[in-house]
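Sequence lines set the chain letters: A, B, ... in the order given, protein chains first and strands last, and positions in each chain run from 1.
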Amino acid sequence: MQKIYEELAWRGLIHQCTDDEFIPQWLNEGCRTVYVGFDPTADSLHVGSLMPLLYLRRFQKAGHRPIALVGGATGMIGDPSGKSQERNLLSVEQLEANVQGIRSQMQSILDFDCGESSAVLLNNFDWMKSFSYLDFLRDIGKNFPVNVMMTKDSVKGRLERTDAGLSYTEFSYMLLQAYDFVHLYDQYDCHLQVGGSDQWGNITAGIDLGRRMYSAQLYGITCPLLTKSDGSKMGKTESGTIWLSADRTSPYDFYQYWYNVADDDAGKCLRFLTDLNREEIQALDSSRESEPQKRESQTRLAEELTMLVHGSAGLDAAKRAKEVLFGAEINDLSDNDLAQIFADVPSCSFNRDVLGGDGLSLSDAMVDAGLAKSKSEARRTLKQGGAYINNQRVTDLDRMLSESDLASETTIVLRSGKKKYALLRFQ
RNA sequence: GGGGGGUUUCCCGAGCGGUCAAAGGGGUCAGACUGUAAAUCUGAUGGCAGUGCCUUCGCAGGUUCGAAUCCUGCACCCCCCA
């Protein structure tokens, strides 16, 4: 058994713990079952769920059994923790689709077939769907004093707001999560629940319920939330959420996100999200201190995480795209290479004939490709030196495109500004 | 019900008969610098067949050689007195 608790502690992954005397030794004694809940609000996990997922992974690597609980039932209700407003409810069909998507993503991070510590994936909808309202009130609700519920931060915070209410539905959320914990204790011998620091109230509610219903002693650990040094959430950019699904966020964008993490956040990310050991991380810390421009931390972070989430093929593609996108002139590449590198770049097609004769005007092409909203805008960009053909700057306002501009068999790569690309295909 | 103020280009906000595609700021977009960072600096910012033409200043009319600017009506907003 690896000393998992000590490992979590030096990484800074322990925010609160219901019993920091007992839990470390209890974990060292044998294979324990630990669970984390995931919200099925979308059909893909995002960077925000990466941390709890990796938490489970650490437990698994230390010889414990992780349970990933997808909240098909709780997702129908909505957790008021950390939310300032009443949530919109998801439809049953939508939830089912989301659960499917999440399931497949988890398989690359957790091992579902390794003996006694094999990961288990459960959906609480399976045991909640047939639980009748009356039975639930009698068996579960009876154990929850309302005055205690009212003191939970998640509830208190919402009641204090004058601009947002709290429905009875959301108020009841903690009963469901508490019952999940007890159910897992009962069915899977799970004694430990882990969650983000905003889950403390829900976790302790489960522990209380376990004591009342089964006289069981359950435990909880919370981890810090992954936030940036400016206080904002990790995993969001101007253009949206960074997802784990390659369909929603390309491996290249995923890689770039981590590569661009601020120096102040890099140390935390390395500790929280990678398996690098203490010495390696400290070496990166000092590298960041003495030669920040080398960005060894960010490079390592991006490589580790892209590898983990998208595999070696995804990492290779991301690195290749990086070289081209930030590199020199593009030429002597095949259509195939370009299609891969610029997988999620907009493109537009033309008849090859337009390249003959006088050719196609660059400013028109920029408009067609969506790099400029109007021809005036295209000319403006051109005039200011922000237009590139195959990564070579062009300043001639009347530049025409011809066959000789093709970077591959049928494609010309246009760029506006630093990173806005578009492909022109000539069939 | 009485009195007053407002509606401007993506946003805020000047303009109050021609020199107004309309000051200034924000935002955005380019460029320089740089570590694919932050900050900073520079430029651009209605459209088009680009020294010119066309469409914009709540909406519809009118006065005038000429209106975002004046008049009339309409719509919406705000404020003060009842």
Engineer: Can you tell which of rA44(B), rC29(B), rG35(B) lies closest to the side chain of P292(A)?
Structural biologist: rG35(B)

Engineer: Could you check which of rU36(B), rG50(B), rG47(B) has an atom nearest any side-chain atom of R380(A)?
Structural biologist: rG47(B)

Engineer: Please pick, from rG43(B), rG35(B), rG50(B), the nucleotide with the shortest atom-to-atom distance to any side-chain atom of R379(A).
Structural biologist: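 Between rG43(B), rG35(B), rG50(B), the one nearest the side chain of R379(A) would be rG50(B).
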
Engineer: With C1' as the reference atom in both, quote the distance from rG17(B) to rA68(B) in angstrom, rounded to an integer.
Structural biologist: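 Per the computed distance, 11 Å lies between those C1' atoms.
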
Engineer: So what does R288(A) hit on the nucleic acid, given a heavy-atom distance under 4.0 Å: a base, only sugar-phosphate, or nothing?
Structural biologist: nothing

Engineer: Could you please name the option among rA49(B), rG47(B), rG31(B) that lies closest to any side-chain atom of K375(A)?
Structural biologist: rA49(B)

Engineer: Using the P atoms only, state how far rC59(B) lies from rA75(B), rounded to an integer number of Å.
Structural biologist: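 Result for the P pair: 15 Å, nearest Å.
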
Engineer: Taking rU72(B) as the reference, what is the distance to rG25(B) when you measure between their C1' atoms (whole Å, please)?
Structural biologist: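 My reading of the C1' atoms in rG25(B) and rU72(B) gives 36 Å.
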
Engineer: Among the nucleotides rC48(B), rU36(B), rC33(B), which one has an atom lying closest to any side-chain atom of K418(A)?
Structural biologist: rC33(B)

Engineer: S334(A): which residues meet the side chain to side chain contact (heavy atoms under 4.5 Å, CB included) condition with it, sequence neighbours left out?
Structural biologist: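 By the side chain to side chain contact (heavy atoms under 4.5 Å, CB included) rule, S334(A) matches N336(A), D337(A), E409(A).
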
Engineer: Check RNA chain B for consecutive Watson-Crick or G-U pairs with both distances under 3.5 Å and list the runs of at least three as stems.
Structural biologist: B:1-7 with B:75-81, B:10-12 with B:24-26, B:27-32 with B:40-45, B:46-48 with B:52-54, B:58-62 with B:70-74

Engineer: Atom CD of Q293(A) and atom P of rU36(B): how far apart are they, to the nearest Å?
Structural biologist: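 The distance from CD of Q293(A) to P of rU36(B) comes to 10 Å, rounded to the nearest Å.
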
Engineer: How far does the C1' atom of rC57(B) sit from the matching atom of rA21(B), given to the nearest Å?
Structural biologist: 10 Å

Engineer: Describe the nucleic acid contact of Y388(A) in one word from base, sugar-phosphate, nothing, applying a heavy-atom distance below 4.0 Å.
Structural biologist: sugar-phosphate

Engineer: Please report the distance separating the C1' of rU9(B) from the corresponding atom of rC78(B), rounded so that it comes out in whole Å.
Structural biologist: 23 Å

Engineer: Do Q256(A) and rU36(B) have a side chain to base donor-acceptor pair shorter than 3.5 Å?
Structural biologist: yes

Engineer: When the distance from OH of Y252(A) to C1' of rU36(B) is rounded to whole Å, what number comes out?
Structural biologist: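 One finds 8 Å between C1' of rU36(B) and OH of Y252(A), rounded.
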
Engineer: Roughly how many Å apart are rC10(B) and rG3(B), using the C1' atom of each and rounding to a whole number?
Structural biologist: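 Looking at atom C1' only, rG3(B) and rC10(B) are 36 Å apart.
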
Engineer: On the side chain of Q384(A), is there an atom forming a donor-acceptor pair with the base of rG31(B) - under 3.5 Å, no angle test?
Structural biologist: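 Answer no: no donor N or O sits under 3.5 Å from an acceptor.
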
Engineer: Pick the P atom in rU56(B) and in rC76(B), then give their distance to the nearest Å.
Structural biologist: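 The same atom, P, in both gives a distance of 24 Å.
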
Engineer: Just how far, in rounded Å, is C1' of rC48(B) from CG of D364(A)?
Structural biologist: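 Value for this atom pair: 12 Å.
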
Engineer: Is there a side-chain contact between S376(A) and the phosphate of rC48(B), meaning an N or O under 4.0 Å from OP1 or OP2?
Structural biologist: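 Checking S376(A) against rC48(B): at least one side-chain N or O falls below 4.0 Å of OP1 or OP2.
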
Engineer: Any chance the rings of W26(A) and Y219(A) have centres within less than 6.0 Å?
Structural biologist: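 Ring centroids of W26(A) and Y219(A) are less than 6.0 Å from each other.
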
